[in-house]
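Before any comments, here is the structure.
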2 protein chains.
Amino acid sequence: MSLREKKIAKKKQDILRSAATVLAEKGFHGTTMEEVAANLLMTKGSMYYYFKNKDDLMFQCHQMVMDLSLDKIQQVVNSDKNPTEKLEQAVKSHILLATSEKSMFLMMDQPNQNFTGEHLEEALQQRKDYAHHFDDILKEGIDTGVFDETIDIRMVRFIILGALNWTLQWYSEDGPQTAEEIADSYAKHLLKMVVKR
Amino acid sequence: MSLREKKIAKKKQDILRSAATVLAEKGFHGTTMEEVAANLLMTKGSMYYYFKNKDDLMFQCHQMVMDLSLDKIQQVVNSDKNPTEKLEQAVKSHILLATSEKSMFLMMDQPNQNFTGEHLEEALQQRKDYAHHFDDILKEGIDTGVFDETIDIRMVRFIILGALNWTLQWYSEDGPQTAEEIADSYAKHLLKMVVKR
DNA sequence: TTATTTTTTGACTAATTGTTTAAAAATATA
DNA sequence: TATATTTTTAAACAATTAGTCAAAAAATAA
């Protein structure tokens, strides 16, 4: 990658981050190209040098955080830890990523408000893929006898993902607990739901 | 309430429901007065006969579902059931209301994208009030010795509410499980997180 | 039927916003 | 330095939308 390509990639990143920030506050339709540009002291016109249009910008924004998330969960699933540790790790990793990249993460919350057509399909599919990794961990836990075999995997997965994503709605850096403490607490409580007793 | 007042109230209701439907799909900024009106075969002009402006319409939309929710949870908290039954009931009632009034319920998800100023403050306050009722149930459970006293009430409340609200993201009437089945399953799994073992 | 009140309409305004474009500025190259 | 290339700008355009309002239509009362 040449210097010039690097510079372009860097600029794209900056634009994507700015877009994510505005998006988290105002939602897709409330986010204007003007505001995204203003954050970076550019004019909205120059953003069209880097992105085809607003949809393109928004979708790449979504891609960025999705890729990050999928990468993390895959690492956990493919590790040689036991199911309990895997679930614990998946929960913690999700919370730490979500809280540190709050604005980007909020994108994933309501894809049907942000995308249409193929972009929507792809976003939904990726969300399914992400969710499926949790199923894998739960199945493994049941098969190896550490998780309660009477749990409903689909329901438990929904409960866990819901709990995790909801952190975005209330977490604040200035809150009484650090992201790490929250992650630990979530992992502890959620595990109680699935481990055999 | 006179007949005329009733008719006006009915029309307002219709408009609010239409607004909620569009809002659930497109978000605050994506919802146009035109579309809300078109759903009811009226023109947008006539909606200004019933509502001051868009903000007013949206906020009353939020009020409608908030009032319903607060009413339900208060009934549960004030009943003479034991804490386990109360939590079970609160969970079930939330899910049944959310799934039957999906579009309206989606409003409450991200108030900061929908409201500003006083409206936002009020919406956030009501959300806190609602959440607080869950704290009350959890406290009562710990005090009476049925819930594990080592749980972190604030965290558990966040986990439960997150799980409940997330149902909106995946629930479909055509899904494999009825709302009742989902409600039962959620209650069962979530209770495992808090009851003493 | 006629008069009065209530409700709806649809055209209009003003503001906003996504996108294009031609020129200017900045940067690299020879 | 002079030329070519890349990047940014500012203005213009077309489309959309919240909100207004006077007049028409519909409903109701007299």
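Every chain is numbered from 1, with letters handed out A, B, ... down the list of sequences. Any value given below was found using the heavy atoms of this structure, including those in side chains, with hydrogens, waters and symmetry copies removed. Everything quoted here is computed from the prediction, not taken from an experiment.
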When you check the gap from the basic side-chain N to the acidic O, do [X] and [Y] get nearer than 4.0 Å?
{"X": "Arg17(A)", "Y": "Glu101(A)", "value": "yes"}
{"X": "Asp14(A)", "Y": "Lys10(A)", "value": "yes"}
{"X": "Lys92(B)", "Y": "Glu180(B)", "value": "no"}
{"X": "Arg127(B)", "Y": "Glu122(B)", "value": "no"}
{"X": "Arg197(A)", "Y": "Asp148(A)", "value": "no"}

Distance, rounded to the nearest Å, where [X] contributes [atom1] and [N] contributes [atom2]:
{"X": "Lys6(A)", "N": "dT27(C)", "atom1": "NZ", "atom2": "P", "value": "19 Å"}
{"X": "Lys11(B)", "N": "dT6(C)", "atom1": "NZ", "atom2": "P", "value": "16 Å"}
{"X": "Lys26(A)", "N": "dT16(C)", "atom1": "NZ", "atom2": "P", "value": "13 Å"}
{"X": "Tyr50(A)", "N": "dT8(D)", "atom1": "OH", "atom2": "C1'", "value": "8 Å"}
{"X": "Phe59(A)", "N": "dG18(C)", "atom1": "CZ", "atom2": "C1'", "value": "20 Å"}
{"X": "Lys10(B)", "N": "dT7(C)", "atom1": "NZ", "atom2": "P", "value": "14 Å"}
{"X": "Ile8(A)", "N": "dT5(D)", "atom1": "CD1", "atom2": "C1'", "value": "12 Å"}
{"X": "Asp56(A)", "N": "dT19(C)", "atom1": "CG", "atom2": "C1'", "value": "13 Å"}

What pairs of nitrogen or oxygen atoms, one from the protein and one from nucleotides 22-30 of chain D, lie under 3.5 Å apart?
from: dT28(D); atom 1: OP1; to: Lys7(B); atom 2: NZ; distance (Å): 3.2

#### Entry: Any Tyr49(A) side-chain nitrogen or oxygen under 4.0 Å from OP1 or OP2 of dT8(D)
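The answer is no; no side-chain N or O of Tyr49(A) sits under 4.0 Å from OP1 or OP2.
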
### Message
When you measure from the side-chain N and O atoms of Ser46(B) to the phosphate of dT9(C), is any distance below 4.0 Å, counting only OP1 and OP2?
### Response
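For dT9(C), OP1 or OP2 has a side-chain N or O of Ser46(B) closer than 4.0 Å.
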
### Task
Using a cut-off of strictly less than 4.0 Å between a heavy atom of the residue and any atom of DNA chain D, enumerate the qualifying residues of residues 108-119 of chain B by number.
none

### Options dG10(C), dT8(D), dT7(C), nucleotide nearest the side-chain atoms of Thr43(B)
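Side chain of Thr43(B) sits closest to dG10(C).
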
### Query
Do His94(B) and Asn165(B) have a side chain donor and acceptor closer than 3.5 Å?
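Present: a donor and an acceptor within the cut-off.
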
### Query
Without hydrogens or angle criteria, can the side chains of Asn114(B) and Gln110(B) be said to hold a donor-acceptor pair below 3.5 Å?
no

### Touch class at under 4.0 angstrom, heavy-atom based, for Phe51(B) against every strand present
nothing

### Task
Give a yes or no on whether the ring-centroid distance for Phe158(A) and Trp170(B) is below 6.0 angstrom.
yes

### Message
Among residues at least two apart in sequence or on other chains, which ones pass salt bridge (Lys or Arg N to Asp or Glu O under 4.0 Å) with Asp143(B)?
### Response
none

### Task
Ignoring hydrogens and angles, tell me if any N or O in the side chain of Asp71(A) forms a donor-acceptor pair with the backbone of Asp67(A) under 3.5 Å.
no

### Task
With sequence neighbours excluded, tell me which residues meet side chain to side chain donor-acceptor pair (under 3.5 Å) with Gln89(B).
none

### Message
Test: side chain to side chain donor-acceptor pair (under 3.5 Å). Region: residues 19-46 of chain A. Which pairs qualify, not counting sequence neighbours?
### Response
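Pairs touching residues 19-46 of chain A that pass the test: Ser18(A)-Asn39(A), Lys26(A)-Glu35(A).
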
Under-3.5 Å N/O pairs linking protein and nucleotides 17-20 of chain D:
from: dA18(D); atom 1: OP1; to: Thr31(B); atom 2: O; distance (Å): 3.3
from: dA18(D); atom 1: OP1; to: Lys54(B); atom 2: NZ; distance (Å): 3.2
from: dA18(D); atom 1: OP2; to: Met33(B); atom 2: N; distance (Å): 3.1
from: dA18(D); atom 1: N7; to: Lys44(B); atom 2: NZ; distance (Å): 2.7
from: dG19(D); atom 1: OP2; to: Tyr48(B); atom 2: OH; distance (Å): 3.1
from: dG19(D); atom 1: OP2; to: Lys54(B); atom 2: N; distance (Å): 2.8
from: dG19(D); atom 1: O6; to: Lys44(B); atom 2: NZ; distance (Å): 3.1

